[in-house]
Number of protein chains: 2
Amino acid sequence: MSSNPSAIRRPDPDRKQRIINAALDVIVEYGVQGTTHRRVAKAAGVPLGSMTYHFNGMDDLLHLAFTQVAHASSAAFVGRLAEAGNREEAIQALVDIIAGNIWSTPRTLLLSYELYAFAARKPELAAIMRDWMQASREALGRFFDPLTCRALDALVEGMGIHGSVAPARLDRGQIEDIIRRLCAPCG
Amino acid sequence: MSSNPSAIRRPDPDRKQRIINAALDVIVEYGVQGTTHRRVAKAAGVPLGSMTYHFNGMDDLLHLAFTQVAHASSAAFVGRLAEAGNREEAIQALVDIIAGNIWSTPRTLLLSYELYAFAARKPELAAIMRDWMQASREALGRFFDPLTCRALDALVEGMGIHGSVAPARLDRGQIEDIIRRLCAPCG
DNA sequence: GCGCTATATGTACGTTCGTACACAAGATGA
DNA sequence: TCATCTTGTGTACGAACGTACATATAGCGC
């Protein structure tokens, strides 16, 4: 009874990444402190022992998972903005980011809240968030002056949050109106 | 051994409120899912049995605690804005709210993140957040048109968050500049 | 084939958790 | 004074937790 012959080990090189993805699913459902080794293992379809083998405790796993969230969010924002070739197209890109589903999906927003709270307690993750914000500002910096970049960045953040709570979302025309007010002095 | 004669009961009418305040301290330190009956009891200086006596489970306690957070935040925002008698004073009030310590203290921000995440999982708290946002917009509505109210509200939110992460905070002049761009069309 | 190492897994241990519940004591009315 | 109700408290129990660790198998040089 001390060994289970049905437990055949299979090589699985993507396992670590799969566990990280499963951890994000668990975080969305149960929150950071509700994310346990056992729940993640079940969600990823791996045995409990894989947790201690691949990760050096829950903090290690959470760190990797949130780093991935920050990178993905940053890439989505910067990527959409990179398609713009001039200020007009940049404004359209911002409207897309705020109104569309590029950034403001419920899952992404919830993960952002959890990330903010987690980073408030772990200084090393705050550094990652700073890098992310700086990447966003540099992408905006191709078209707008620094103060406008900060204002636009904050607006994207705030409208994403409020849009998920408000009963009626703004339409693209209204969003564009507000964005144009903010960058009025630069053109 | 089955009864402890040193456990003298003292009447304590404010106990329930003290427990709620202690729960907020625990949430700040450990997060929502890390908030346990035992930790709150220790923080409030009450026996474990008081938890089940005063509250109908952790969800009940969290609900009351976050409702208090929402009301306090709303009152701080609306209260500062109520001091304004015209649009110019309203703009100065918004600068105070963003730049000063009225709203953007680390503790308040962290509680906001936890509240957002909690509300994303509990629909009845989302309703409370809607009321809070509506109260903010009505306070702004004394001076600005509805679309501008939404934009200003989102800007306050976003700048509060980014200000706590960014290495350098904006000064009052820059904040005022941005606010004036947003409400340019109304005066 | 045959050790050897890296990879992988099941289980056990001590801790902490929410909650139930028997019980103690001040308060109250007769 | 005494029965009764409200308020308050200590403890016990089953469940879930993180982690350590003995064990097992695949890959591989020889």
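Every chain is numbered from 1, with letters handed out A, B, ... down the list of sequences.
- Side-chain contact between A:Gln92 and A:Arg172 is present, with at least one heavy-atom pair separated by less than 4.5 Å.
- Listed candidates were C:dG18, C:dT9, D:dG10. Nearest to the side chain of A:Arg15 is C:dT9.
- In this entry the distance linking NZ of A:Lys42 with P of D:dG18 reads 13 Å, nearest Å.
- An angle of 0°, rounded to 10°, separates the two end axes of the helix from C:dG1-D:dC30 to C:dA30-D:dT1, each defined over five pairs.
- Under a cutoff of 6.0 Å and an axis angle of 45°, B:Lys122 and B:Phe66 do not form a cation-pi pair.
- When side chains are defined from C-beta on, A:Phe55 counts as touching A:Lys16, because their heavy atoms get closer than 4.5 Å.
- Listed by chain and number, the residues in a ring-ring contact (aromatic ring centres under 6.0 Å, His included) with B:Phe77 amount to none (sequence neighbours excluded).
- The existence of a salt bridge linking B:Glu114 and A:Arg121 is confirmed by a sub-4.0 Å separation between a basic side-chain nitrogen and an acidic carboxylate oxygen.
- Atom NE2 of A:His37 is separated from atom C1' of C:dA12 by 17 Å (rounded to the nearest Å).
- Following rounding to the nearest Å, B:Phe55 (CZ) and C:dG18 (P) show an atom-to-atom distance of 14 Å.
- Residues that satisfy the side chain to side chain donor-acceptor pair (under 3.5 Å) test with A:Ser164, not counting sequence neighbours, are absent from this structure.
- Taking atom CD of residue B:Gln33 and atom P of nucleotide D:dG18, one finds them 13 Å apart after rounding to whole Å.
- Closest to the B:Thr52 side chain, of the nucleotides C:dT9, C:dC17, C:dT19, is C:dT19.
- Here the CG-CD distance, from A:Asp153 to A:Glu157, works out to 7.5 Å after rounding to the nearest 0.5 Å.
- In this structure, CG of B:Asp60 is placed 14 Å from P of C:dG18, rounded to the nearest angstrom.
- Residue B:Tyr53 contributes atom OH, which lies 17 Å from atom P of C:dA24 at whole-angstrom precision.
- Residue A:Leu48 has its side chain nearest to D:dT19 when only D:dG18, D:dT19, C:dC21 are considered.
- Here the P atom of nucleotide C:dT7 and the NZ atom of A:Lys16 are 11 Å apart, to the nearest Å.
- Minimum atom distance to the side chain of A:Arg39 is reached by D:dC17, of the listed D:dC17, D:dT9, D:dG18.
- Distances shorter than 4.0 Å separate some side-chain N or O of A:Thr36 from OP1 or OP2 on D:dC17.
- Distances from the side chain of A:Arg38 to the nucleotides C:dG18, C:dT9, D:dC17 place D:dC17 closest.
- Taking 4.0 angstrom as the limit, B:Ser50 places none of its side-chain polar atoms (N or O) nearer than this to OP1 or OP2 of D:dG8.
- For B:Met58, counting side-chain heavy atoms from C-beta on, the closest listed nucleotide (C:dG18, C:dT7, D:dT19) is C:dG18.
- Here A:His54 reaches the OP1 or OP2 of C:dA8: one of its side-chain N or O atoms lies under 4.0 Å away.
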